[in-house]
Amino acid sequence: MLCLRRNVTVCPMSRPIRLAVRGLLLVDNRLLLVNAWPGGTSDLLCAPGGGAEPHASLEDNLKREFHEETGLEIAVGAPCLVNEFHDPGRDYHQVDVYFRVSLVAGEPLQRWTDPEGVVTERHLVTREEMAGLRYKPDSLPDIAWGEAVFYDRLEPVLR
C-alpha cells in the first residue's frame, strides 16, 4: 500500500533513512580507514564513523563514533561530502555526512578494541595505495585529498 504525503510517495512498511557521520583524517598525507564489516568478514574499507543518535549534534555524534572505532580524539571541521547508499535487495538506505577532522589526541595505529566489535582493522593509506584497495564511497580519494564539497547520488551497498 502506498500513500501520498506532501507530494512524496511513501511505503508505510519501509524503515526510515539512517543518518550517519564519518570523518576524514589525514596524517602525514595518509588517510585513516577502517574495515567496514564486523569481524573483518569483508576487505571493504571506509572512513571511521557511524550512526547519528537523536538529540546530539552531528559533531558530537562524530566525535563519539570516531573514538569508539579508533580510540582517537578529534576536532571536527567543515563538512565535505554527503553520500547516500542503499541495498536494493533489502529495506536499507543510509545518508552519510563526511567532515574533515584533525587529530587532538591518540595514535592512529595504536592498539584499540572497538566496544561495538565492528572495527577490527585500521589503515593509514596514501592516495596511490587506495588504487589497490576496496573502499566506499567511490569518490573517497577525490574528497579526502581535494578541497571541494560533493554530493554523491545513491550507490548500491557492497559486501
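Quick note: numbers below take in every heavy atom, side chains included, and nothing from hydrogens, waters or symmetry partners. Computed from a predicted structure; not experimentally measured.
- Taking N29 as the reference, W145 meet the side-chain hydrogen bond (donor to acceptor under 3.5 Å, both in side chains) condition, with sequence neighbours excluded.
- L133 contributes atom CG, which lies 8.5 Å from atom CG of D43 (distance to the nearest 0.5 angstrom).
- Residues T120 and D114 form no side-chain contact, since every pair of their non-hydrogen atoms from C-beta on lies 4.5 Å or further apart.
- Of all the heavy atoms in G23 and A47, the pair that sits closest is O-CB, 3.4 Å.
- With rounding to the nearest 0.5 Å, the separation of CD in Q94 from CD1 in I17 is 10.5 Å.
- Note that the CZ atom of R134 and the CG atom of L33 stand 13.0 Å from one another [nearest 0.5 Å].
- Follow the hydrophobic side-chain contacts under 4.5 Å out from L109 and you reach F66 in the same cluster.
- Summarising the geometry of R127 relative to D142, their closest heavy-atom pair is NH2-OD1, 2.5 Å, with the distance given to 0.1 Å.
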Checklist entry - Can you list the steps and then say if D96 with V82 is a side-chain contact (heavy atoms from CB on, under 4.5 Å)? => result CA-CA 6 Å; D96 286 341; V82 174; over 6 Å; no
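- When every heavy atom of P141 is checked against every heavy atom of Y135, the shortest pair comes out as CG-OH, 3.3 Å.
- Contact check for L81 versus S139: side-chain heavy atoms found under the 4.5 Å cut-off.
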Taking distance alone, no hydrogens or angles, what donor-acceptor pairs closer than 3.5 Å link side-chain atoms of residues 49-63 to residues at least two apart or in another chain?
{"residue": "S57", "atom": "OG", "partner": "D60", "partner atom": "N", "Å": "2.9"}
{"residue": "S57", "atom": "OG", "partner": "D60", "partner atom": "OD2", "Å": "3.4"}
{"residue": "E59", "atom": "OE2", "partner": "K63", "partner atom": "NZ", "Å": "3.3"}
{"residue": "N61", "atom": "OD1", "partner": "E53", "partner atom": "N", "Å": "2.7"}
{"residue": "N61", "atom": "OD1", "partner": "R64", "partner atom": "NH2", "Å": "2.6"}
{"residue": "N61", "atom": "ND2", "partner": "E53", "partner atom": "O", "Å": "3.3"}
{"residue": "N61", "atom": "ND2", "partner": "A56", "partner atom": "O", "Å": "3.1"}
{"residue": "N61", "atom": "ND2", "partner": "S57", "partner atom": "O", "Å": "3.0"}

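- Side chains of R22 and C46 form a contact here, defined as non-hydrogen atoms less than 4.5 Å apart.
- Side chains of P137 and I143 form no contact here, defined as non-hydrogen atoms less than 4.5 Å apart.
- For the pair E68/W112, no side-chain contact is recorded, criterion being any heavy-atom separation below 4.5 Å from C-beta on.
- Note: L124 CG to E129 CD = 9.5 Å, rounded to the nearest 0.5 Å.
- Between M130 and L140, the shortest heavy-atom distance links the atoms CE-CD2, 4.0 Å.
- The hydrophobic cluster containing V21 does not contain V118, counting ILVMFWY residues as joined when their side-chain heavy atoms lie under 4.5 angstrom apart, directly or transitively.
- Side chains of L103 and L25 form a contact here, defined as non-hydrogen atoms less than 4.5 Å apart.
- Here the side chains of Y98 and F150 are not in contact, with every heavy-atom distance at 4.5 Å or above.
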Item to check | side-chain contact (heavy atoms from CB on, under 4.5 Å) assessment of L19 paired with V97 | outcome: CA-CA 8 Å; L19 177 63; V97 180; 4.1 Å; yes
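- Using a distance-only test at 3.5 Å, with no hydrogens or angles considered, no donor-acceptor pair links the side chain of D28 to the main chain of R30.
- Applying the salt bridge (charged side-chain N to carboxylate O under 4.0 Å, His left out) rule to R18 yields no partners; only residues at least two apart in sequence or on another chain are considered.
- Within the 4.5 Å cutoff, no side-chain heavy atoms of V101 are placed close to those of L24.
- Clustering ILVMFWY residues whenever any of their side-chain heavy atoms sit less than 4.5 angstrom apart, transitively, puts L45 in a cluster other than the one holding V119.
- Expressed to the nearest 0.5 Å, how far CG of L72 lies from CG of L32 amounts to 6.5 Å.
- Grouping the Ile, Leu, Val, Met, Phe, Trp and Tyr side chains by contacts below 4.5 angstrom, directly or via other members, places V125 apart from V34.
- Between H86 and H93, the two ring planes are tilted [angle within 30° to 60°].
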